[in-house]
Amino acid sequence: MCGIVAFTGTIDAVDVLLGGLRRLEYRGYDSAGVALVPRANELICVRRKGKVAQLAAALGRETAAPGREAPVAPTSSSAPAPAGTTGIGHTRWATHGVPSEANAHPHRDCSGKLAVVHNGIIENHTALRAELVAAGHTFASQTDTEVAAHLIEHYYQGNLAEAVRQALQRLSGSFALAAVHAAHPDRIVVTRNDAPLVLGSCAYGALAASDTPALLEHTRDVIYLGDRDLAVLHADGRVECYDPAGSHYVPTQVRVEWSLEQAERGGYPDFMLKEIHEQPRVLRDTISGRFAVENPGLVFEELPFSDRDFANLDRIQVIACGTSYHAGLIGRNLIEAWARLPVDVEVASEFRYRDPIVTPRTLVIAISQSGETADTLEAVKLARRAGAFVVGLTNVVGSRITLEANAVIYIKANLEVAVAATKSFLGQVAMLTLLALHLGYHRGFLSTAQVSEIYADIQKLPAQIEEILADTTAIERCAEACKDAQTVLFIGRGVGATTCYEGALKLKEISYLHAEAFSAGEIKHGPIALIDPDGLDDPTKATPVVVVAAQSATYDKTLANIEEVIARGARVVALATAGDKRIAELTERVISIPPVRECLSPILASVPLQLFARAIACARGCDVDQPRNLAKSVTVE
Ligand code: AGP
C-alpha cells in the first residue's frame with residue numbers, strides 16, 4: 001500500500017524522507033519518489049521504478065537500514081544530491097496505471113511548481129480529469145493522483161492551504177495527500193479522508209507519514225488527523241490543524257511507546273522469522289491480566305456488557321479479510337462451543353455488498369491487524385448503521401477501526417513488519433479464545449471450574465510454542481521435500497481445517513507456490529482428483545499433502561484420510577501430537593506439536609505451518625518480508 005512521508009524543517013530533507021520511506025517499505029510498493037524545494041521557486045522531482053535503494057542511488061544517497069542513522073553526506077557520485085529542507089516522499093503500490101516511473105509519485109501540476117503525493121483512491125478521478133483537461137490541463141500519467149495536483153493548481157492563487165481546502169471539497173474516495181509548492185519552501189499542506197496519516201513535530205521541523213514508524217526517529221508525540229481535516233506543517237515545527245469547516249483547532253498529541261528496535265530485525269535474517277519467534281511473548285502479553293482470581297469470568301473492561309446484555313445477543317457476525325478471516329473461523333468454533341451462540345464469519349468484501357441481516361441484537365466482531373483494511377472498515381460502518389454493536393479487534397493503536405467501532409480490543413502483537421501476518425494472527429486467535437471463554441461464562445454455559453481449567457491450559461501455550469521453536473529440523477526437512485512441487489494441498493477436520501486455511505494462505509503468499517486447503521472430509525468430493533497418480537511409481541511426482549492430524553475427536557477419520565491420499569500417490573506431511581506412533585507408521589514426514597486440548601490446537605499447529613511456509617519460500621529464493629504484489633495495509637478495495 002502506498003506510503004507518504006513529508007518533512008519541512010531546518011535540516012536536509014532528503015535523509016529524513018529516505019529514512020521514512022525505508023520504514024514504510026513493509027507496506028509493499030513498486031516505485032518510489034521525492035519532490036524537494038531546494039530554494040524558493042524551484043521544485044525538483046526524482047522518481048524511480050523499483051525500490052527505495054534505487055531512488056536513493058538516483059539522489060546520490062544510500063539509505064540506511066531502519067533503525068540506523070542515514071548518512072548525512074552523499075556517498076555516491078552517480079547524481080548530485082538535491083539540497084533543501086522541505087520535501088515530500090512516496091512509495092507507490094500501483095492501483096491506477098502500471099508500475100512505472102511516469103506513474104510514480106510525486107505528481108506535478110502544469111507549472112511544475114506544485115507536487116502531490118497520495119495514498120488511497122480518488123473515486124471521481126475520471127470526471128475530474130475530463131473537467132481539468134477541458135480547462136486546458138495536461139496530464140503526464142495514468143494515475144488518479146495527478147488529478148489532485150491539477151485540481152489544487154486550478155484553485156491556487158498564492159495560498160497553498162486554501163487551494164488544497166477547495167480541492168478537497170471536490171474529491172471523493174479514500175485518500176491521504178501531501179502537497180508542496182515551490183513558492184512556499186517552508187511549508188507542506190496535508191489532508192486525509194479514510195486513509196492513514198500521522199503528523200508530528202520535533203526540534204528541527206514538522207513531519208507527516210502514513211505510519212508511525214516513519215516518524216519515530218524524530219518524535220514520539222504524534223497527531224492523528226481527522227477525516228477531511230487539513231494541516232499545515234511549518235519549517236519551524238508548528239503544525240496548524242483545521243477541521244472540515246476551516247476552523248483552526250489545537251490537536252491532541254498521543255505519546256507512542258514503541259521503540260525503534262521493535263522495527264528492527266533483532267538479529268534474525270528476516271522480520272517474518274523474528275515475528276514468528278515473538279509469539280510466546282505475544283501470547284503471554286495477551287493472557288496477562290485477563291483472569292481475575294476473585295472473579296472467575298475473564299476481565300474484558302473494553303466490553304460494556306452486563307450478563308443480561310450477553311443473554312440478549314442472538315448471534316455474532318465476524319467480519320475480516322485474509323488471515324484475520326481465518327482467525328475468525330477459529331473463533332467461531334470456540335464461541336459456538338462455549339457460548340452456544342450462532343456465529344457467522346464472512347469476508348468483509350462480500351459482506352458489505354450483500355444485504356446482510358444485522359440487528360441491534362447482533363454482536364459484530366471486526367478483525368483487522370492493521371485496523372486500516374478498507375473492506376473491513378466499510379463493513380463496520382454498514383453494521384453500525386444497522387444498529388449492531390461493533391467490537392474492533394486490532395493491533396494498531398489509533399488505527400481507523402478504533403475510531404469506527406463501538407469498542408476496541410487490542411491484541412498485544414506490537415509492530416508487525418513482515419507483510420505475512422504471523423504474530424498478529426496468533427494474537428487474534430488467542431484473544432478470540434479468551435473472548436469465547438468470557439462469553440461462555442457470562443451466558444451461563446461454562447462453569448467457574450471449566451473456565452479455570454481451560455485458562456490453565458491456555459497459560460501453558462507460550463512454553464509449548466517455545467518447545468516447537470527450539471527444534472525446527474523436522475519442519476525444514478518436510479519443507480525441503482515439498483519446495484519443488486507444483487501444488488501443495490492442506491487437509492484437516494474441525495479446527496484442524498481452519499488451521500489448514502491459514503497454512504495454505506501463508507505458503508502461497510510468501511513462496512508463490514500454489515496451495516489450497518480443504519476440509520479432509522471433502523476431499524473425496526472433488527479435490528482428491530488433484531493428486532497425481534504418477535506419484536505411486538515416481539516419488540518425485542508425488543503431490544504433497546499436509547495433514548493436520550493432532551489428537552482430536554475426529555482423529556481416526558483424519559487417519560483414514562491420510563491412508564486415502566497415500567493410496568492415490570500423495571506425499572504426506574503430517575502435523576501430529578508428539579509421540580503419535582500410528583501417524584509415524586503411515587509417513588516418515590512428521591512434524592510434532594506438544595499434546596494440547598483440541599480447541600487450543602490451532603494456536604500450536606499454526607506455528608510449524610508458518611515455519612514450513614517460510615522455509616519453502618527461502619528455499620525458492622523469495623523475499624519473505626515483502627512478497628510480490630502484496631501490501632501490509634490494504635487501504636483500498
Ligand atoms: C496476511 O498474511 C495477509 N497479508 C492478508 O491476508 C491480511 O491478513 C489481510 O489483508 C487483512 O489485513 P488486516 O488484518 O490488516 O485487516
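Along the sequence shown, residues are numbered consecutively beginning with 1. Just so you know, ligand 1 is whichever comes first in the structure, and atom 1 is the first atom listed for that ligand. Keep in mind that the numbers below use all heavy atoms, side chains included, and drop hydrogens, waters and symmetry copies.
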Using atom types as modelled and distance alone, determine if a side-chain donor or acceptor of Arg92 lies under 3.5 Å from a backbone N or O of Asn103. yes
Output, in order, the C-alpha distance, side-chain angles, deciding distance and verdict of salt bridge (charged side-chain N to carboxylate O under 4.0 Å, His left out) for Glu404 and Arg400. CA-CA 6 Å; Glu404 302 292 351; Arg400 296 287 306 150; 3.0 Å; yes
Distance under 4.0 Å, heavy atoms only, partner ligand 1: which residues pass? Cys321, Gly322, Thr323, Ser324, Ser368, Gln369, Ser370, Thr373, Val419, Ala420, Ala421, Leu505, Lys506, Glu509, Val634
By ring-ring contact (aromatic ring centres under 6.0 Å, His included), His118 pairs with (sequence neighbours left out) none
Nearest non-hydrogen partners of Gln54 and Lys49, listed with the distance: NE2-O, 3.5 Å
Considering all heavy atoms of both residues, which atom of Ile365 and which atom of Ile335 are nearest to each other, and what is their separation? CD1-CD1, 4.4 Å
I want to check a possible cation-pi pair here: Arg620 against Tyr512, using under 6.0 Å from ring centre and within 45° of the ring axis as the test. no
